[in-house]
Amino acid sequence: MAQKPSIPKGTRDFTPEEVVKRNYLFDVMKQAFANFGFQPIETPSFENSDTLMGKYGDEGDRLIFKILNSGDFLKKVDETDYREKDYAKLTGQISEKALRYDLTVPFARYVVQHQNEITFPFKRYQMQPVWRADRPQKGRFREFYQCDADVVGSTSLWQEVELVQLYDTVFSKLGLEGATIKINNRKILSGLAEVIGAEEKLIDFTVALDKLDKIGSEGVKKEMQEKGISAEAITKIEPLLSTADSPSEKLQTIKGLLSASEVGKQGIAETEFIVNTIDQLKLKACSIEIDVTLARGLNYYTGAIFEVAAPEQVNMGSIGGGGRYDDLTGIFGLKNMSGVGISFGLDRIYLVMEELDLFPKTVSANTRVLFVNFGNEEALYAMQAISALREAGISAELYPDDAKMGKQMGYADKRNIPFAVLAGGSEMDAQTYTLKNMKSGEQQTLSLDRLIDSLK
RNA sequence: GUGGUUGUAGCUCAGCUGGUUAGAGCGCUAGAUUGUGGUUCUAGAGGUCGCCGGUUCGAAACCGGUCUUCCACCCCA
């Protein structure tokens, strides 16, 4: 081995054991999605740059993987831009395609492009990898999977209610208890900005507010100041920043603050409808919590905002998020198409499941029985039984070489194959097979029919 | 994008202030055991000390660069 090969940072290989567990997660989600009436679609790994660029803010643009044009891509580049090393202008000239950054924007593009074939409201789910040119950390990769469920073409708040239930159903099926679904509403945030007269600083305001649990009230105030929000405005929202208050106390505070804002009042009404309805319908594995400081998520959210926090005992960021966006397809030219959706972060859910040891022990796609190879004549006899077992849906294999028995048994042991079959001369004469339970060490000699029965 | 951190055998890690042939445990291979694995015993294989360059009589160790790991920002699943 000359130079050890490697893979790009933030990417991973998956071992057979990992793939089996990941597939289990995919299966549980797929079933839940279908169960809730969502239909699967898939979109390409890469899109035209102009489909993606500018949809995730400046920070997002930086994190999009751009694909270099093929051929002599420098030929067409503008001389002046090249000489001045104008990054922004050059990028557009040498890269016309980019890897998908999330599943929501490609979905919006899909809806607009296929609007005449789609029957609305359209409920779709999608489970595909996305790529971000981020700096990797724990639970943070450059290639990872998102599992999204969205509804477009309905403004009904019942969709939000159902999506909360969908989160709960998936986590409940996975045995993952204690996740918190945090909910807020963009209209509440807009209302707040309006009341304090910082409408044009809405994004800065919400980003700072979102950091409350991380940097504390002083930190938030400082950041707001730096972003140019007036001291007077900050004083008005001061009661919100008290970390001592419970979420419901905060809600009361905010109701008072927002009494002068129509948008704000609407946001509160929507959020209370969702939470009260969920309270009546009950959740199995999760809890729901109004968090007026929750502002995570992209700028395109216009109504409800969701974020799922992993159970407290695990140190992991959010394992899911979503919200309502009234205008998403608007950027592609289709107006008045409201959508709402949620996303599951498969890779982080995997890490949480692993840390809490929640994967079922039976999750494995292992061979059930290994036939020991004693030589060609015996192997032929074994193959007849193997074919019959496979026909019966039992996964069986023959050790490929006529190796020492200890080695063959050791192989079965290492791979955790639960049964071994010994079929040599004496078994052939009697038309039987000796079945060994690798765990208990018990052996019994059986006819082919009995063998199949005992392995079922 | 900013700051820090990590890299020694397949894996987990030792290796004192630079000094002969770089170590351990586990794993691996072979034998003890010619139709019986997981235990035990014995022997053995396996390392450009991430990579490139520099300092030095001498570098795994010091310096610079680069890649990788993890962490805190930014941002986010």
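First the proteins, then the strands, lettered A, B, ... as listed; each starts at 1. Fair warning: this is a prediction, and the values are worked out from it, not measured in the lab.
- Applying the ring-ring contact (aromatic ring centres under 6.0 Å, His included) test to pairs two or more places apart or on separate chains, those with a residue in residues 395-440 of chain A are A:Tyr381-A:Tyr433, A:Tyr399-A:Tyr411.
- Classified by interplanar angle (parallel below 30°, tilted 30° to 60°, perpendicular above 60°), the ring pair A:Tyr56/A:Tyr101 is tilted.
- Within the structure, every side-chain polar atom (N or O) of A:Gln443 is placed at least 4.0 Å from both OP1 and OP2 of B:U36.
- A:Arg12 is linked by a salt bridge (Lys or Arg N to Asp or Glu O under 4.0 Å) to A:Asp347, counting only residues two or more places apart in sequence or in another chain.
- Using C1' as the reference atom, B:A60 and B:A14 are 12 Å apart when rounded to the nearest Å.
- Backbone-only contact: A:Ser318 has heavy atoms under 4.0 Å from sugar-phosphate atoms and none from a base.
- Within 4.0 Å (heavy atoms only), A:Phe141 reaches at least one base atom of the nucleic acid.
- Nucleic acid contact for A:Val207: sugar-phosphate only, since backbone atoms but no base atoms lie under 4.0 Å from a heavy atom of the residue.
- Base contact: A:Gly424 has a heavy atom under 4.0 Å from a base atom.
- A:Phe144 qualifies as a stacking partner of the B:A77 base, centre to centre under 5.5 Å and near-parallel within 30°.
- The pair A:Arg415-A:Glu397 counts as a salt bridge, with a side-chain nitrogen and a carboxylate oxygen less than 4.0 angstrom apart.
- Taking atom NZ of A:Lys214 as the reference point, atom C1' of B:A72 lies 9 Å away to the nearest angstrom.
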Quiz item: Where each pair must be Watson-Crick or G-U wobble with both distances under 3.5 Å, what dot-bracket representation of RNA chain B is obtained, with crossing pairs in [ ] and other-strand partners as |?
Solution: ((((..(..((((.....[...)))).(((((.......))))).....(((((..]....))))))..))))....
Could you pull out every donor-acceptor pair under 3.5 Å between side chains of residues 447-455 of chain A and any protein atom, sequence neighbours left out?
from     : atom 1 : to       : atom 2 : distance (Å)
A:Ser447 : OG     : A:Arg450 : N      : 3.4
A:Ser454 : OG     : A:Arg450 : O      : 2.6
A:Ser454 : OG     : A:Leu451 : O      : 3.4

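- If you check every strand for non-hydrogen atoms under 4.0 Å, A:Gly57 touches nothing.
- A:Phe144 contributes atom CZ, which lies 11.0 Å from atom CG of A:Leu346 (distance to the nearest 0.5 angstrom).
- Residue contacts for A:Gly60: at a heavy-atom cut-off of 4.0 Å it reaches no nucleic acid atom on any strand shown.
- Distance noted for atom C1' between B:U55 and B:A9: 29 Å (whole Å).
- At the phosphate of B:A72, neither OP1 nor OP2 sits under 4.0 Å from any side-chain N or O atom of A:Lys138.
- Judged by atom type and distance alone, A:Arg135 does not reach the base of B:U69 through any side-chain donor-acceptor pair under 3.5 Å.
- Taking side-chain N and O atoms only, A:Lys9 has no distance below 4.0 Å to OP1 or OP2 of B:C70.
- Here A:Gly10 lies in heavy-atom contact (under 4.0 Å) with sugar-phosphate atoms only.
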Distance-only criterion, 3.5 Å: show the donor-acceptor pairs between side-chain atoms of residues 34-42 of chain A and protein atoms not counting sequence neighbours.
none

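- In this structure, CZ of A:Arg415 is placed 19 Å from P of B:G37, rounded to the nearest angstrom.
- No engagement by A:Glu223 is indicated, since no non-hydrogen atom pair under 4.0 Å with the nucleic acid exists.
- Across all strands, A:Leu422 comes closer than 4.0 Å to base atoms (heavy-atom distances).
- With a 6.0 Å cutoff to the six-membered ring centre and a 45° limit on the axis angle, A:Arg100 does not count as a cation-pi contact of A:Phe46.
- Ranked by how close their nearest RNA chain B nucleotide is to the 5' end, A:Gln146 and A:Met405 are led by A:Met405.
- Residue A:Gln137 is classed as a base contact, given a heavy-atom separation below 4.0 Å to a base.
- Between A:Arg12 atom CZ and B:A77 atom P the separation is 16 Å, expressed in whole Å.
- At a cut-off of 3.5 angstrom, counting only N and O atoms as typed in the model, there is a donor on one side and an acceptor on the other between the side-chain of A:Glu427 and the base of B:G35.
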Quiz prompt | Summary of protein contacts for nucleotides 25-32 of chain B, nucleotide by nucleotide, where a base hit scores B, a sugar-phosphate-only hit scores S (4.0 Å, heavy atoms) | solution = ---S--S-
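- For B:G37, its base sits under 3.5 Å from the side chain of A:Asp413 at one donor and acceptor pair at least.
- Side-chain N/O atoms of A:Arg324 and A:Thr302 include no donor and acceptor closer than 3.5 Å.
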